[in-house]
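Right, one structure below, let's go through it.
These numbers come from the heavy atoms of this one structure, side chains and all, not from hydrogens, waters or symmetry mates.
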Number of protein chains: 2
Amino acid sequence: MKSEHVNEITLGPQQEKSKRARNAIIDATIDSLVEVGYAETSLVRVAKAAGFSKGAIQHHFPSKEDLIAQTVDKLISRTISPPPASRRARTVEEALLRAWKTFVDTPAYRALLEILNAARTDKKLKKRIGKDLIAWRDRMDLQSLENYEAVSGDDEDVVMLLNMNRSFMRGLLMQEQYGFSEETATRYLRKWVEMISPLLRLKEK
Amino acid sequence: MKSEHVNEITLGPQQEKSKRARNAIIDATIDSLVEVGYAETSLVRVAKAAGFSKGAIQHHFPSKEDLIAQTVDKLISRTISPPPASRRARTVEEALLRAWKTFVDTPAYRALLEILNAARTDKKLKKRIGKDLIAWRDRMDLQSLENYEAVSGDDEDVVMLLNMNRSFMRGLLMQEQYGFSEETATRYLRKWVEMISPLLRLKEK
DNA sequence: CATAAAAAAGTCCATCCGTAAGGTTTTTTT
DNA sequence: AAAAAAACCTTACGGATGGACTTTTTTATG
């Protein structure tokens with residue numbers, strides 16, 4: 001029976017401050033996730049990075065799980081939000097390469113991967129963020145259908161191809177972290193895009 | 001000045017015992033990595049699983065880093081060792097699908113991924129196992145060249161395609177852990193193999 | 001100035017890795 | 001064959017850190 005948001009219309013100045021603090025803390029969490037990974041992302045570290053005390057963090061986020069869950073929210077919304085409203089891509093190649101640069105090869109995505117990996121074995125966390133992840137995936141599939149169509153095949157193929165694309169990019173990102181250089185990764189990415197783009201078409205809007 | 005005993009042929013009963021113990025500990029480590037991930041893989045947990053006390057582990061492995069490093073050794077050698085000497089694959093499709101089942105979609109590979117991901121942010125560990133990983137990659141590339149040739153293109157293309165294959169499979173494995181079902185993963189895998197196999201040819205031996 | 005939220009400071013308990021001190025069994029030495 | 005050394009393993013403890021929780025101080029607001 002949580003009636004959390006009562007005053008959504010007028011945020012008192014104090015709530016404003018609180019909101020800013022929470023944002024700062026979440027941002028510091030994201031940074032920490034990218035820098036030192038999930039395991040090392042402790043409350044004290046986040047606190048120091050955000051310029052607060054540990055107590056302040058536990059004031060805003062009752063448990064670490066809460067902090068992570070809200071961080072996931074922010075990360076997901078960031079990954080979903082439409083591209084920087086720049087001009088639309090003209091070709092499938094361009095769209096996919098841009099997706100790599102804009103969404104995948106970013107701190108936000110790396111942070112999200114950190115959490116996802118941690119959630120694999122942390123059942124409580126997994127249960128907590130599970131719904132969001134499913135919603136995220138559904139949203140992604142929907143976006144796929146909005147933007148692409150299959151040259152030969154149905155909607156299911158579109159979803160499949162775009163999911164394959166995400167798998168590939170994810171694997172590439174991981175491999176890039178240890179092993180080969182960024183140029184090599186780019187080469188592989190181009191080859192992949194070259195292979196898959198003939199199967200897709202951009203939908204006119 | 002090293003006057004090492006050339007008594008490697010006959011292992012004393014104590015060395016035998018020691019060897020068995022070390023193997024059991026490493027195996028328990030691998031199991032733990034798969035079950036609960038790197039962060040939760042503590043020495044006590046490994047000890048209990050292996051049926052020893054924590055002290056025993058630290059007797060055989062001076063530090064946790066040592067334990068992990070030796071585990072990596074074992075995992076890598078397992079990932080490299082030739083397929084179960086069964087009949088050779090007849091087609092590229094078959095070879096790639098078999099590689100998935102034999103090498104990638106296995107506990108060993110998952111355990112290795114767990115360590116790799118942890119090493120990303122653990123500099124000491126990264127430094128420790130870095131060489132092995134590079135050697136591993138080189139070995140993989142070599143194996144690629146031994147088994148495949150490009151339908152059109154040179155050796156570099158072979159290495160690229162097989163590395164792309166590994167990226168894809170890695171990404172698929174990760175995504176399989178949260179998100180979609182195994183059947184879906186299999187469908188994606190088949191599609192991928194279907195896309196890439198026309199570019200490769202099996203080398204006759 | 002009074003009150004409530006925000007933030008800090010400090011306590012508590014669990015767990016982690018590592019080390020040290022024994023005890024027992026095997027191996028080596030004398 | 002006895003003594004010494006080494007290897008194996010257990011139990012116990014230390015220092016450090018993590019997260020949850022509690023209490024105190026500060027700050028903002030009406």
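Taking atom CG on B:Leu67 and atom C1' on C:dG18, their separation rounds to 14 Å, with Å as the unit. When rounded to the nearest whole Å, the span between NZ of B:Lys64 and P of C:dG18 equals 8 Å. Between the C1' atom of D:dG18 and the CG atom of A:Leu125 lies a distance of 16 Å, rounded to the nearest Å. Look at NZ on B:Lys19: it is 18 Å from P on D:dA7, rounded to the nearest Å. Look at NE2 on B:His59: it is 18 Å from P on C:dG23, rounded to the nearest Å. We find that CZ of B:Arg20 is positioned 12 Å from P of C:dT26, with the value rounded to whole Å. Computed from coordinates, the B:Asp122 CG to C:dC16 P distance equals 16 Å when rounded to whole Å.
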What are the atom names and distances for every N/O pair under 3.5 Å that joins the protein to nucleotides 11-13 of chain D?
none

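Across D:dT10, D:dC8, D:dG19, the shortest atom-to-atom separation from the side chain of B:His60 is found for D:dC8. Out of D:dT10, D:dC8, C:dA7, the shortest distance to the side chain of A:Ala21 is found at C:dA7.
Separation of atoms CG (B:Asp31) and CD (B:Glu35) is listed at 6.0 Å; rounding is to 0.5 Å.
Residues from residues 29-49 of chain A with heavy atoms under 4.0 angstrom of DNA chain C: there are none.
A:Leu173 places a side-chain heavy atom less than 4.5 Å from the side chain of A:Glu176.
Listed by chain and number, the residues in a ring pair (Phe, Tyr, Trp, His ring centres under 6.0 Å) with B:Phe61 amount to none (sequence neighbours excluded).
Taking the ring centre of A:Tyr38 as origin, the terminal cationic atom of A:Lys64 falls inside the region bounded by 6.0 Å and 45° from the ring axis.
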